[in-house]
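These notes are about the structure you will find just below.
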Amino acid sequence: MGRYVVRRLLQMIPVFIGATLLIFLMVNVMGDPIAGLCGDRQCDPATAAQLRREFGLDQPVWRQYATYMGNVFTGDFGTAFNGQPVTELMGTAFPVTIRLTLVAILFEIVVGIVLGVVTGLRRGRPVDTGVLLLTLVVISVPTFVTGLLLQLLLGVKWGWIDPAVSTAAPFAELIVPGLVLASVSLAYVTRLTRTSIAENRRSDYVRTALAKGLPRHRVITRHLLRNSLIPVVTFIGTDIGALMGGAIVTERIFNIHGVGYQLYQGILRQNTQTVVGFVTVLVLVFLIANLVVDLLYAVLDPRIRYA
Amino acid sequence: MRGATHATWAAGAAAVALAVTACGGGGGSGDGGAVLSSSWGDPQNPLEPANTNEVQGGKVLDMIFRQLKQYDPDTGEAKDMLAEKIETSDSQNFTITVKDGWTFSNGEKVTAQSFVDAWNYGASLKNNQRNAYFFAYIDGYDKVHPEDGSAQSADTLSGLKVTGPRTFTVKLGQKFSTFPDTLGYPAFAPLPRAFFDDHAGWLKKPVGNGPYMVDTYTRGSQMSLRKWDDYPGADKARNGGVDLKVYTDNNTAYTDLMAGNLDLVDDVPAAQLKNVKKDLGDRYINTPAGIIQTLAFPFYDDAWNKPGSEKVRKGLSMAIDRKQITDTIFQQTRTPATDWTSPVLGADGGYKAGLCGDACAYKPDEAKKLIQEGGGLPGGQVKITYNADTGSHKQWVDAVCNSINNALGNDRACVGNPVGTFADFRNQITDQKMSGPFRAGWQMDYPLIQNFLQPLYYTNASSNDGKWSNKQFDSLVDKANGETDTATAVKTFQQAEEVLRDNMGAIPLWYQNGSAGYSDRLSDVKLNPFSVPVYNEIKVG
């Protein structure tokens, strides 16, 4: 087990380097960011040259990347164009997005799995058909439609919530945005759980457990659900990274100053330092979530061993 | 049935949210101490007077700084603020006396030195100030800010001299009669010692000499400004302060205004323009701002710069149905342009309605004839280049092309050519890669006709993106700058503008309005000619 974890951690290094390099190149291909820094007029050449030197943009790309990675290992993620260190931006953005992601994941786990179990046990019944239809609707409606609609109805028409989340972004204000962010994944979690439960219901160990006379709720939670959760856990694990990075739309709608907002600004202003810095952290989150998922398999199914 | 379940827990969640946030409310009483909230965007650059070149940062500078001159929020006229007098006999050497009794909000006196230090800081290349070129008229600029980026040979402008605690002299590199009127621009603000002694600290909490002072500033999310009670000026704040809240999207700000959580939005999103009158009634403001949109041409491309091509350019201009586009796409938040300046200048300031004449009128038949006379469209097709990332540029460029295609009876005559990001768009312009007309916009720095002509059309001027060059135009601008009488200067500038018209150096499209909406808590809300709310005059309650 310990050796497995170490091996997995070592494997992360090339993935990490490759991913950051890709992002670095992509942002660089977009052209010279200094040109957009002076608004609808040309920066005077001397100032532009000076800014380029300050941000290291006059160097060849490979050297920019080398310098950048060197700095990253000392904890220096560079400076955004507005003069703020990127680490400071991260310090304000990540806690907010983590809270939002937590709310979303909680919705996925609680609502998604409960609905999945309920429908999986009642396959073909009206409840099942109803939830299936509902998830189909949720999957096919884009997030921004759901978001804007809820914002308009709950925020403006009925006045139940504030349409915009405040700067502090406490959990209470993040419930509706979290639900919007979770909605599509929630539908997938429901469907995955449902299929998995329905399939395992007919397996031998469930029949054995029932034959032993175990109470029904114990069979469902301890035997059936535990084994059925493997694909669901995989999905939720990879979804953590996707939710954090993909919160751009939701954060924009509800005025949440999180990772999505900073990334959007960074891309719009072609700020390499901000974009690469944030994506680097997101890549790390993704990798670690994946590792945790793999380790969880053994907890859920004792037959799985790591060497 | 299931749908109901879905809605029930959504409602439950919302109810929890409501219960927790409800205590955060509470309205202000109708006194002068009440605070209003206003939408804001994250400033692009560090917040320093000479480093701020966009509206969002400019908004703050407008509240915490006062310059030698102040532009009248109604007429745009430059009036003395901190300046007691500005004297000149030759339009080149100026003696400026600063009024007594002004201080910064930290108690420090505003002296001649405060201005000279600030201007030297702004001009110096090593400080990377985006607006350094504002000091280019002052003698010695080429030493502190060498254009080629070589090492600067001086730290201070030789044209600036402090002659007393409240007086200093300015020597310009050339005659510039309207120079005093430019001094209301925020780049010319005075700076306290704290700015130089603890620069990082100042950026975290800027200190100025305006009617407001910064109470708290959380970068990227909110700035709370409070009324400065000891402000010595006549334009004291009539409210207790302003909370500027950063919005990720102006649609959300508008929604927040509708929901009663925000008092003022100064940028009504295009998508809401249809509803805004119904939503807000007379709490919607739509007033002219000093912004003009034009189509510029690549004069470095021979296809657009040969004898006769002025007829093609004029023909294109006449093929655009400005009225229809501003009515349908912009919901009358823009006005068809009939000259190259802006109505906010007023007739005395140089705006001349109809100066463009027939060349800006929609005359499809004549347009077709003119383009044929001029040798037809270069390559048989015009491509209008624009950046697609911000604004609603795609919509109007498509509409302009449609109009041209209809007029010429050829649906391939004009197409839009989108560029992904603004920075890339600017890159292509700087690298002179444009092969046809491209989107150009100009927001004035100060309400002067000079500002609408010289930076844009003078040979090799800083914003002459199309590289238009005309000796007659240049010499008229020089002549106008040398005039000591303002009225004569304005007339001469208008003669230069006529030269621009006869050659159709750029197609004027429309003047842009500032639009804002506010809650019923506020009164006396208006926008100044720069489309920024006049915060200090707003009453709450």
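Labels below follow one simple rule: chain letters A, B, ... track the order of the sequence lines, proteins then strands, and each chain is numbered from 1. Only this structure's heavy atoms are used, side chains among them; waters, hydrogens and symmetry mates stay out.
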Under 4.5 Å, counting heavy-atom pairs only, tell me which of [options] racks up the most with chain A.
options: B:Asp249, B:Asn131, B:Asn464; result: B:Asp249
options: B:Pro146, B:Ala136, B:Gly220, B:Ala132; result: B:Gly220
options: B:Arg439, B:Glu147, B:Met258; result: B:Glu147
options: B:Thr255, B:Leu262, B:Thr421, B:Asp424; result: B:Thr255
options: B:Glu54, B:Arg219, B:Gln428, B:Gln129; result: B:Arg219

- Message: Quick check: A:Phe55 with A:Phe81 (ring centres under 6.0 Å apart)?
- Response: yes
Examine whether an atom of [X] lies under 4.5 Å from a heavy atom of chain A, and if so say whether it belongs to the side chain, the backbone or both; otherwise answer neither.
X: B:Lys245; answer: neither
X: B:Asp465; answer: side chain
X: B:Asp42; answer: both
X: B:Asn53; answer: side chain
X: B:Pro43; answer: backbone
X: B:Asn45; answer: both

Heavy-atom proximity to chain B below 4.5 Å, by part of [X]:
X: A:Glu251; result: backbone
X: A:Arg269; result: side chain
X: A:Gln84; result: both
X: A:Leu89; result: neither
X: A:Ala164; result: both
X: A:Leu51; result: both

- Aromatic plane relationship, B:Tyr185 with B:Phe134 - under 30° parallel, 30 to 60° tilted, over 60° perpendicular: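 B:Phe134 vs B:Tyr185 ring planes: parallel.
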- Task: Check the angle between the aromatic planes of B:His145 and B:Tyr141 and answer parallel, tilted or perpendicular using the 30° and 60° thresholds.
- Result: parallel
Any side-chain donor-acceptor pair under 3.5 Å between [X] and [Y]?
X: B:Asp256; Y: B:Tyr247; value: yes
X: B:Asn128; Y: A:Thr47; value: no
X: A:Asn255; Y: A:Tyr261; value: no
X: A:Ser166; Y: A:Glu173; value: yes

- Query: When only pairs under 4.5 Å are counted, which of A:Leu133, A:Thr167, A:Ile34 shares the most heavy-atom pairs with chain B?
  - Reply: A:Thr167
- Message: Show the nearest heavy-atom pair for residues B:Ala506 and B:Ala296, with the distance to one decimal.
- Response: CB-CA, 4.4 Å
- Message: Is it true that, when you exclude B:Lys467 itself, more than 12 heavy atoms of the residues, nucleotides or ligands shown sit nearer than 6.0 Å to its NZ?
- Response: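 More than 12 within 6.0 Å, yes.
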- Would you find more than 12 non-hydrogen atoms of other residues, nucleotides or ligands less than 6.0 Å from B:Phe195 atom CZ? yes
- Item | Within-4.5 Å side-chain heavy-atom neighbours: A:Thr272 and A:Gln64 |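 No - every pair of side-chain heavy atoms lies 4.5 Å or more apart.
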